[in-house]
Protein chains: 2
Amino acid sequence: MAVKDSKTEQLIKETAQQVFLKEGRMLATTQDIADAAGVNRTLLHYYFRSRDQLFDTVFVEALTELRSRIHDVIGSQLAFVPKIEALVQAFLEVLVQHPFLETFITLQINQQPERYEELFVQLPGGKERLKTFLKEIEREMELGTIPQMKPIQYFINLFALLAYPHIARPLLQKMFDLSDTAYKKILQERKTVVLALLLHQYKTKDQ
Amino acid sequence: MAVKDSKTEQLIKETAQQVFLKEGRMLATTQDIADAAGVNRTLLHYYFRSRDQLFDTVFVEALTELRSRIHDVIGSQLAFVPKIEALVQAFLEVLVQHPFLETFITLQINQQPERYEELFVQLPGGKERLKTFLKEIEREMELGTIPQMKPIQYFINLFALLAYPHIARPLLQKMFDLSDTAYKKILQERKTVVLALLLHQYKTKDQ
DNA sequence: GTCTATATCGGGATAGAC
DNA sequence: GTCTATCCCGATATAGAC
């Protein structure tokens with residue numbers, strides 16, 4: 001290919017992004033994507049060789065963005081509270097762009113656990129940063145800023161509160177009969193909800 | 001078929017349960033299941049007509065159990081705190097039996113949102129109970145027992161904290177290098193973690 | 001680079017013998 | 001009820017013309 005990232009190649013990739021990560025149609029066929037992009041299906045193969053590779057390109061790109069942003073925040077020199085705030089913010093920003101990314105992550109790691117290393121710990125110092133972060137959580141509990149529990153439980157709470165509303169979005173939207181706009185508002189509001197809960201700063205009515 | 005639920009039929013169903021809900025192999029083929037059960041693949045069709053119907057049988061059965069248990073607890077006359085406790089307990093018990101049920105739920109509703117009504121609100125008074133529960137949450141906030149936020153946010157927190165560790169289990173297990181046993185212990189511990197967080201009863205070190 | 005035509009393959013499903 | 005053989009189809013993938 002003469003020009004790297006030709007116009008058509010770009011178009012196909014962006015369409016795949018749209019279909020997979022914004023619409024959540026994880027089983028979309030090459031034909032679906034070709035139709036959505038308005039190109040001949042053969043071109044997907046011409047540029048990306050296989051459906052798998054196209055999927056992977058799109059998925060890994062989005063994943064890398066999320067991973068590296070979290071990596072940066074966790075490894076930063078911020079104090080605990082602003083660090084958690086930055087983490088929530090970063091997560092939210094990426095997920096707004098790729099609403100189904102979290103669903104895909106859980107799915108992929110489910111079906112190809114052998115790719116975990118490649119997908120999640122490739123950033124330099126990834127494991128160490130994680131350990132340090134757990135230490136920071138522990139230290140904060142010592143200081144009495146946040147409730148005491150096993151640091152890993154705090155970590156799980158953090159990502160549960162952040163990720164679940166995205167993973168279960170279709171379910172929750174149906175359950176409470178919420179429009180896209182209404183749900184987006186809920187997601188935005190969660191920023192303060194999650195922070196208050198995680199930083200133990202919630203006010204009850206009597207306080 | 002002369003005998004309802006013949007031995008072979010039972011065997012196939014239980015194997016499907018094992019493969020789908022306990023091992024999380026949601027893309028398992030009819031051949032995979034036949035092999036696991038040690039029967040001829042044709043028998044799956046003989047008893048369940050299609051892969052879809054076999055899948056559905058297993059999935060709906062587990063889902064019905066979870067749904068009806070939650071339904072019962074939410075609709076019970078328990079006071080708020082014991083009600084939340086019962087909810088956490090019920091959820092945990094079902095998920096121990098079907099570790100991947102939550103993953104399947106989010107996935108299914110994702111791919112067939114039109115089946116939401118059929119799958120989730122078929123129990124009598126389902127919608128009303130949900131509304132009543134939200135009211136109870138609201139009232140509890142008025143009483144100052146739990147932090148103030150939109151009731152739906154509290155509801156999302158509840159299920160996020162309960163469901164996420166199951167949905168993201170493969171990821172978390174890899175991330176922290178935990179054995180099955182170690183992870184199960186984490187899950188058991190979550191009962192108190194989640195309750196403390198939800199009921200706002202956590203103690204920090206200084207308290 | 002883009003198209004049409006065609007090959008290939010896996011998996012679901014059924015007919016019919018036993 | 002269980003098996004073998006076969007059919008069918010959708011989806012991926014490639015060859016080769018333009």
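- If you measure from atom CD of B:Gln53 to atom P of C:dG12, you get 14 Å, rounded to the nearest angstrom.
- D:dT12 atom P lies 15 Å from atom CZ of A:Phe48, rounded to whole Å.
- Atom CG of B:Leu43 and atom P of C:dG12 are 15 Å apart (whole Å).
- Annotation: proximity of residues 19-37 of chain B to DNA chain D (heavy atom, distance under 4.0 Å) is found for no residue.
- For A:Tyr47 and D:dA13, the OH to P distance is 18 Å, given to the nearest whole Å.
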Tabulated below should be each protein N or O lying under 3.5 Å from an N or O of nucleotides 14-18 of chain D; please produce it.
none

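- Between B:Phe120 and B:Tyr116, the ring centre distance stays below 6.0 Å.
- Summarising the geometry, atom CG belonging to A:Leu171 is positioned 8.0 Å from atom OG1 belonging to B:Thr106; distances are rounded to the nearest 0.5 Å.
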| request: Evaluate the criterion side-chain hydrogen bond (donor to acceptor under 3.5 Å, both in side chains) for residue pair B:Gln97 and B:Glu93; output intermediate values, then yes/no. | output: CA-CA 7 Å; B:Gln97 288 308 309; B:Glu93 278 172 20; over 6 Å; no
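- Contact record, A:Pro165 with A:Leu187: CB-CD2, 3.7 Å, taken as the closest heavy-atom pair.
- In this structure a side-chain-to-backbone donor-acceptor pair under 3.5 Å is present from A:Gln153 to B:Ile186.
- B:Asn40 places its CG atom 13 Å from the C1' atom of C:dA13, with the value rounded to the nearest Å.
- For the pair A:Leu44 CG and D:dA13 P, the interatomic distance rounds to 10 Å; values are reported in whole Å.
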| said: What verdict does the ring pair (Phe, Tyr, Trp, His ring centres under 6.0 Å) test give for A:Phe55 and A:Phe20, after you've listed the backbone C-alpha separation in whole Å, the side-chain angles of each residue and the deciding distance to 0.1 Å? | reply: CA-CA 8 Å; A:Phe55 180 93; A:Phe20 288 136; 5.0 Å; yes
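- Summarising the geometry, the separation between CZ on A:Arg51 and P on C:dG10 is reported as 17 Å, rounded to the nearest angstrom.
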| task | Could you check A:Glu85 against A:Gln89 for side-chain hydrogen bond (donor to acceptor under 3.5 Å, both in side chains), going step by step and ending with a plain yes or no? | result | CA-CA 6 Å; A:Glu85 284 171 355; A:Gln89 179 65 27; over 6 Å; no
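- Within a 6.0 Å radius of CZ in A:Arg139, other residues, nucleotides and ligands contribute 12 heavy atoms or fewer.
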